[in-house]
2 protein chains.
Amino acid sequence: MNFQQLRIIRETVRRNFNLTEAAQALLTSQSGVSKHIRDLEEELGLEIFVRRGKRLLGLTEPGQEVVAVAERILLESENMMLLSQQFSKRDTGTLSIATTHTQARYMLPEVIAKFKADFPDVRLVLHQASPKEIAAILLEGSTDLGIATDALEDNAGIITFPYHRWSHGVVVPKDHPLLTSNTLTLEAIADYPIITYDEGLTGRTRIDKAFERAGIEPDIAMSALDADVIKAYVELGLGVGIIASMAFNANRDHGLVLLNSSHLFEENVSSLAVRRGRFLRSYVYRFIELLAPEITEQRVRRAELGR
Amino acid sequence: MNFQQLRIIRETVRRNFNLTEAAQALLTSQSGVSKHIRDLEEELGLEIFVRRGKRLLGLTEPGQEVVAVAERILLESENMMLLSQQFSKRDTGTLSIATTHTQARYMLPEVIAKFKADFPDVRLVLHQASPKEIAAILLEGSTDLGIATDALEDNAGIITFPYHRWSHGVVVPKDHPLLTSNTLTLEAIADYPIITYDEGLTGRTRIDKAFERAGIEPDIAMSALDADVIKAYVELGLGVGIIASMAFNANRDHGLVLLNSSHLFEENVSSLAVRRGRFLRSYVYRFIELLAPEITEQRVRRAELGR
DNA sequence: TATCCTTACGGAATTCGTAAGCATG
DNA sequence: CATGCTTACGAATTCCGTAAGGATA
């Protein structure tokens, strides 16, 4: 058993049991991949993969256990590398963050600027992705931090820390009829076509839920990945926008007005997430503390232990 | 980084930084050991060991972390082997138990007989050792189960399950004056030389504590590793014996009488212990259930997770 | 001086990749 | 017939052990 064999079976699972792809991902030959798998199976005295003829189809029952252990070993071996860099290159390296558009665009810039000032030699990599993808990326182990609003919970391999509460706002053009009424209601909004986020993004579930509870079926005329797109179409008069209120900037969004709608939609909570068991360089903890001072290194370490 | 390098640094620590011994323990050459260490240090970009000239003296600060990660990786790699055997050779293998004389001699024989009947192809290895050594052996990872009365607690790497309560008894020759009095007291016992267990063994601490609390300084004339030795000397008239009452057998110990002394000494609890994170073959769980039916596989697995 | 670690070096073993062959859908 | 896995084989690399050299207590 060696590390390469373990990397290979892990990658084979990730690549849907396609050895050719796995070999490419690991920068090696597919013949070697094939041989390594057979060698490992022989050494362990069992079949890891279910085969039909020459094709691999899935994991056998023992194979699932074997891969689970392999994942743990590889996680620790990656920790070994991170750990040694922590000592040999204290404040240089890479901070990798997976996050959504909204966070990247409206929440992180300030924090990242501060961080860059403190750690000029740390390379920053932002993976922009959906909350679901963020969870997958975190588990995969190429990323230190995930930041998003939805769907990061309920995974034993991920620890989340809520760090910011925010609410949706309604944006309309400056001359919109909604501006005349005193209090904003769901019914009033639903009189117009609505433009908001795609499903699963930036609290979209809260929006749907609010209308559903009120027994109103809104006309979602368009949905988009980010507030910039939404605002552009609202400006064109295509409908009423519902966005995260932090995405509105009175100075830049001249033609638009933001209406407070915190009484209409449930509050949203943005969370920060880390892979359980992954070693974090000290600058990762510093970044977290810049983003949310109450989430201290100690608190994160504590959470790693419990469950 | 490869497994051999990790094994080498782990063994080097265990062998007190003597590379020659480490090489012998790993059945390899000491030049190879030396080279592997240097290679690993170079790859990680840091020094694992503190050196004076050519001698290794201890671990550097990063070295401690590195070794800790190495231990986790190696633990999992051993799990990989155990796990695969679990599938490839279901009911054959080795059950390794570290235990004290008292347990091995008086508690385990019945259970082992039953176990052997259920699992004729499982080789049984009993490591007889002191409670302290048992903890060390468990942590070292060569043993599935530890069974003892004292000193297995307070180690995060070990999980203990109390499984049996017992008390000490006093053994005297058939014609001993103590047999005439009605109720046995510590004072009465202390009138005679006492023969009992060595320090740290089989509840000896409870015996000492009882006398200390009563303000009595007993004359411990002899101490031994096991009750058989103690009984032999009591039979010779050298003193009063204090032993685990399970170690007395009316049929075999003709010349002796056992006096109940459960009111004099604190009750003892024997525990069963496993290494946290070590994979246990299913027959290990079956053995545990034979020994103590209330300690189910499920309960052990639960305890592995919490802390 | 006896013990212990490092370095050098040659041989053994392992690993890797190309290429050809074969199976699958 | 295009994609994907296995096997064969030679090349490259890594690993290992002997032996000699040098440091340490």
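Chain letters run A, B, ... following the sequence lines, proteins first, then strands; residues in each count from 1.
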hbond_proxy B:R51 side chain to C:dT6 base (donor-acceptor, 3.5 Å cutoff): no

A:K54 vs B:G32, nearer the 5' end of DNA chain C by closest nucleotide: B:G32

Touch class at under 4.0 angstrom, heavy-atom based, for B:F49 against every strand present: nothing

Rounded interatomic separation in angstrom, taking CG from B:L57 and C1' from D:dA25: 12 Å

B:R52 side-chain N/O to D:dA25 phosphate OP1/OP2 under 4.0 Å: yes

Whole-Å gap separating C1' (C:dA23) and CG (A:L56): 13 Å

Rounded distance (Å) that lies between atom C1' of C:dC16 and atom CD of A:Q24: 16 Å

Atom-to-atom span, CG of B:D39 to P of D:dT13 - whole angstrom: 16 Å

5'-most by nearest nucleotide on DNA chain C - A:R55 or A:L27: A:L27

For atom CD of A:Q4 and atom P of C:dC16, their distance in whole Å: 5 Å

Protein-nucleotide distance (A:R15, atom CZ; D:dT3, atom P), rounded to Å: 18 Å

A:S34 side-chain N/O to D:dT6 phosphate OP1/OP2 under 4.0 Å: yes

Salt bridge flag under 4.0 Å for residues A:R105 and A:D226: no

Under-4.0 Å salt bridge between A:D144 and A:R278: yes

Atom pair distance, as rounded to whole Å: NZ in B:K35 and C1' in D:dA19: 17 Å

Phosphate OP1/OP2 of D:dT3 contacted by A:N18 side-chain N/O (<4.0 Å): no

Test: B:E41 and B:R51 ion pair at under 4.0 Å: yes

Sugar-phosphate, base or nothing in reach of B:S31, heavy atoms under 4.0 Å: base

Phosphate OP1/OP2 of C:dT14: any A:H36 side-chain N/O under 4.0 Å: no

Residue pair B:T202 / B:T102, side-chain donor-acceptor N/O under 3.5 Å: yes

Option among A:R10, A:R275, A:R72, A:R7 that satisfies the salt bridge (charged side-chain N to carboxylate O under 4.0 Å, His left out) test with A:E78: A:R10

side-chain N/O B:T28 vs D:dG17 OP1/OP2, d < 4.0 Å: yes

d(CD, A:E21; P, D:dA2) in whole Å: 19 Å

Under-4.0 Å side-chain N/O to phosphate OP1/OP2 contact, A:N2 with C:dT15: yes

